Trainee: 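Below is the structure I would like to discuss, written out as structure tokens.
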Amino acid sequence: MPSRLKSALLWGAVGFLSVLVLVQGYALLEGPLVSIVQGFLLALVVGASVTGVTYVLEYRIAAWAARRRSS
């Protein structure tokens, strides 16, 4: 698996799990904000979005940082 894809998938997993943690934390403190299924679907959407954005932008940000460092 290419390292760029692996990195994007790992960031997507971080986004997915972060949403689940936030939904669960809110439910523990205030009461359920969304149902379990809605929370899971929201986490899937966020995870997929983070994966896509990371895959597209990570290379560009790394190239920009390298150019900036060499200047």
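What you see is a predicted model, and the numbers here were worked out from it, not measured in a lab. Just the heavy atoms: all of them, side chains too, but no hydrogens, waters or symmetry mates, feed the values below.
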Trainee: Tell me the ring-ring contact (aromatic ring centres under 6.0 Å, His included) pairs involving residues 16-51, sequence neighbours left out?
Mentor: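 Of all non-adjacent pairs touching residues 16-51, those that pass ring-ring contact (aromatic ring centres under 6.0 Å, His included) are F16-F40.
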
Trainee: If hydrophobic residues (ILVMFWY) are linked whenever their side-chain heavy atoms come closer than 4.5 Å, directly or via other members, who joins I36 in its cluster?
Mentor: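 The other cluster members (ILVMFWY side chains, heavy atoms under 4.5 Å, direct or chained): none.
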
Trainee: Which side chain to side chain donor-acceptor pair (under 3.5 Å) pairs, counting each pair once, include a residue from residues 4-14, with sequence neighbours left out?
Mentor: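 Checked against side chain to side chain donor-acceptor pair (under 3.5 Å) - neighbours excluded - the pairs reaching residues 4-14 are S7-E58.
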
Trainee: Among the clusters formed by ILVMFWY side chains lying less than 4.5 Å apart, do L9 and V14 turn up in the same one?
Mentor: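 No, no single cluster joins them.
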
Trainee: List, by chain and number, the other hydrophobic cluster members for W64, where Ile, Leu, Val, Met, Phe, Trp and Tyr join if side-chain heavy atoms come within less than 4.5 Å, directly or indirectly.
Mentor: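 Other cluster members: none.
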
Trainee: L42 and V50: same hydrophobic cluster, using ILVMFWY side-chain contacts below 4.5 Å?
Mentor: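 Yes, L42 connects to V50 through the hydrophobic network.
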
Trainee: How would you list all residue pairs meeting side chain to side chain donor-acceptor pair (under 3.5 Å) that involve residues 43-55, not counting sequence neighbours?
Mentor: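 Listed once each, the pairs would be none.
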
Trainee: Under 4.5 Å between any side-chain heavy atoms of V34 and V23, yes or no?
Mentor: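 V34 vs V23: side chains touch.
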
Trainee: Suppose we screen for side-chain contact (heavy atoms from CB on, under 4.5 Å). Which residues come up paired with V21, at least two apart in sequence or across chains?
Mentor: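 side-chain contact (heavy atoms from CB on, under 4.5 Å) list for V21, sorted by chain: empty.
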
Trainee: Going through the checks in order, is the side chain to side chain contact (heavy atoms under 4.5 Å, CB included) test met by Q38 and L33?
Mentor: CA-CA 9 Å; Q38 290 171 331; L33 180 64; over 6 Å; no

Trainee: If hydrophobic residues (ILVMFWY) are linked whenever their side-chain heavy atoms come closer than 4.5 Å, directly or via other members, who joins L28 in its cluster?
Mentor: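 Result for L28 is none, singleton.
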
Trainee: Other than V53, what residues sit in its cluster of Ile, Leu, Val, Met, Phe, Trp and Tyr side chains whose heavy atoms are under 4.5 Å apart, directly or through others?
Mentor: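 Same cluster as V53: V56, L57, I61.
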
Trainee: Please identify each residue that fulfils side-chain contact (heavy atoms from CB on, under 4.5 Å) with S70, with sequence neighbours left out.
Mentor: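 With sequence neighbours excluded, S70 shows a side-chain contact (heavy atoms from CB on, under 4.5 Å) to no residue whatsoever.
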
Trainee: Nearest 0.5 Å, please: how far is CD in Q24 from CG in L29?
Mentor: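 The CD atom of Q24 is 10.0 Å from CG of L29, to the nearest 0.5 Å.
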
